[in-house]
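Heads up: the structure comes next, in structure tokens.
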Amino acid sequence: MLIANILPMKKKLYIIPGFGETTKDKPYKEIQKNAKDKGYEVIPIDLSWSRNTMSDWIREAREKVLEYGDNNSSILGFSFGAFVAVELSKEFSFKKIFVCSLSPYYSEDLKFMPKVIIRHGKKRVADFKKYKFPANIKIKAVFMVGDSEWKFAQKRVGERFKKWKGTKSLKIINDSNHDIGNPEYLKEIKKEL
């Protein structure tokens, strides 16, 4: 009988950028390099931002995860990308999720939004109404938010952190607004990888 050597499965990291961004942008390239240096196979997920809704973006990202699988994988999302990552965590068994500057556009948030959110389009706003922040996910999570971000967004990140059921940590990034490219933000991500 031949006994095969069983190699450990390489860990994967899915990366989903924020609205209008791509994983080819400088901060995401830096995250990818740091992740590769730490032994991750990096799977970038670039979404079709133009004229699409959150449901479309979740569907696009889901297809990529189905293609590569969720075994020994983690996921990192920024802003709307974090929203997508959280939604995917309801159906996939990620080892860890990095929730970076989560956008406060869940159904329960919309009544508190200034009218300016209509700039995202009526179709998108209507689609956001389908999503309520999940309160029963037990995946290990790192929540991050800049200390100079919109106060409502900071408050919502804190509330969502408290609702998360898995092992979790909350990192407030000093001297940072809603910018994953901020050196302090990138330093914290590198530390947490």
Side-chain angles (χ1 to χ4, degrees), residues 8-19 21-47 57 61 64-65 68-104 106 133-150 153-193:
M9 193 175 301
K10 189 164 185 169
K11 58 187 179 178
K12 295 184 287 265
L13 177 66
Y14 292 97
I15 298 176
I16 308 173
F19 184 76
E21 300 175 332
T22 77
T23 56
K24 293 177 181 78
D25 293 339
K26 188 178 178 184
Y28 298 102
K29 286 169 103 173
E30 189 170 333
I31 293 167
Q32 290 175 69
K33 182 190 176 313
N34 289 329
K36 286 176 184 175
D37 290 347
K38 293 195 175 193
Y40 285 95
E41 172 188 0
V42 175
I43 300 142
I45 300 179
D46 288 310
L47 302 174
W57 302 323
K64 195 76 156 183
V65 176
Y68 287 89
D70 63 353
N71 290 333
N72 204 27
S73 64
S74 296
I75 190 165
L76 180 150
F78 176 74
S79 192
F80 277 2
F83 193 120
V84 172
V86 167
E87 288 302 308
L88 291 177
S89 294
K90 295 190 308 193
E91 51 186 298
F92 293 103
S93 299
F94 298 115
K95 288 181 68 173
K96 188 175 186 179
I97 180 172
F98 298 85
V99 184
C100 303
S101 297
L102 178 64
S103 289
Y106 286 92
F133 185 79
N136 58 351
I137 298 176
K138 296 181 180 165
I139 296 168
K140 183 176 183 179
V142 178
F143 284 76
M144 298 182 188
V145 67
D147 67 351
S148 300
E149 292 197 45
W150 180 28
Q154 287 181 45
K155 177 182 173 194
R156 282 301 203 233
V157 167
E159 290 168 356
R160 283 165 181 154
F161 168 76
K162 288 176 187 170
K163 285 184 176 181
W164 198 265
K165 299 295 184 201
T167 304
K168 59 193 176 185
S169 61
L170 174 62
K171 308 292 179 178
I172 308 297
I173 313 300
N174 292 328
D175 303 317
S176 181
N177 55 18
H178 195 71
D179 177 15
I180 199 165
N182 178 293
E184 294 302 313
Y185 216 129
L186 289 169
K187 188 190 315 179
E188 195 62 43
I189 290 171
K190 183 178 181 181
K191 192 188 312 178
E192 291 295 328
L193 285 172

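All of these numbers come straight from a predicted model, not from anything done at the bench.
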Shortest non-hydrogen contact between Gly181 and Leu186, atoms and distance
O-CD1, 3.6 Å

So, taking the atom named NZ in Lys168 and the one named CZ in Phe161, what distance separates them when rounded to the nearest 0.5 Å?
5.0 Å

Tell me, do Ser74 and Ile97 make a side-chain contact under 4.5 Å, heavy atoms counted?
no

Euclidean distance, Ile75 CD1 relative to Ile139 CD1, rounded to 0.5 Å
9.0 Å

Looking only at heavy atoms, what is the nearest atom pair of Val99 and Ala82, with distance?
CG1-CB, 4.1 Å

Thr23 versus Pro17, closest heavy-atom pair with distance
CG2-CD, 3.8 Å

Taking atom NZ as the centre, does Lys138 end up with more than 12 heavy-atom neighbours from other residues, nucleotides or ligands that are less than 6.0 angstrom away?
no

May I ask you to check whether Asn72 and Lys12 show a side-chain donor-acceptor distance below 3.5 Å?
no

Less than 4.5 Å apart, any side-chain heavy atom of Pro44 and any of Gln32?
yes

Within-4.5 Å side-chain heavy-atom neighbours: Pro134 and Val86
yes

Mind checking whether Val42 and Ile15 have side chains closer than 4.5 Å, heavy atoms only?
yes

Residues, nucleotides or ligands: over 12 heavy atoms within 6.0 Å of Lys11 NZ
yes

Phe19 and ring-ring contact (aromatic ring centres under 6.0 Å, His included): which partner among Phe80, Phe83, Phe78?
Phe80

Note: Glu159-Arg156 ion pair, threshold 4.0 Å (strictly below):
yes

Take Ser73 and Tyr14 through the side chain to side chain contact (heavy atoms under 4.5 Å, CB included) test and state the conclusion after the steps.
CA-CA 7 Å; Ser73 64; Tyr14 292 97; 3.9 Å; yes

Side chain to side chain donor-acceptor pair (under 3.5 Å): pairs with one or both residues in residues 172-182, sequence neighbours excluded
Ser79-His178, Glu149-His178

Taking atom CD1 of Ile16 and atom CZ of Phe98, what is their separation to the nearest 0.5 Å?
13.0 Å

Side chains of Glu30 and Lys33, heavy atoms from C-beta outward: is any pair under 4.5 Å?
no

Salt bridge Asp25-Lys29, side-chain N to carboxylate O under 4.0 Å
no

Walk me through whether Lys171 and Glu192 qualify under salt bridge (Lys or Arg N to Asp or Glu O under 4.0 Å).
CA-CA 10 Å; Lys171 308 292 179 178; Glu192 291 295 328; 3.3 Å; yes

Is Lys162 atom NZ crowded by more than 12 heavy atoms from other residues, nucleotides or ligands, each under 6.0 Å away?
no

Can you check whether Phe94's main-chain N or O pairs, donor with acceptor, with Asp70's side chain at less than 3.5 Å?
no

Measuring from Glu41:CD to Lys10:NZ, what's the distance to the nearest 0.5 Å?
6.5 Å

Closest heavy-atom pair and its distance - Ala141, Phe143:
CB-CE1, 3.7 Å

Give me the atom names and distance for the closest heavy-atom approach of Ala61 to Val84.
CB-CG1, 3.6 Å

Can the positive tip of Lys163 be found less than 6.0 Å from the middle of the six-membered ring of Phe133, inside 45° of the ring normal?
no

Can you tell me how far the CD1 atom of Ile172 sits from the CD atom of Gln154, to the nearest 0.5 Å?
6.5 Å

According to ring-ring contact (aromatic ring centres under 6.0 Å, His included), does anything in residues 22-44 pair up with another residue at least two apart or in another chain? List the pairs.
none

With a 4.5 Å limit on heavy-atom distance, are the side chains of Val142 and Glu188 in contact?
no

Leu76 and Cys100, any side-chain heavy atoms less than 4.5 Å apart
yes

In terms of heavy-atom contacts, Leu13 and Ala35 come closest through CD2-CB, 3.6 Å

Using a 4.5 Å cut-off on heavy atoms from C-beta on, say whether the side chain of Ile137 contacts that of Lys165.
no

Quick check for you: to the nearest 0.5 Å, what is the distance between Ile173 atom CD1 and Ile180 atom CD1?
9.5 Å

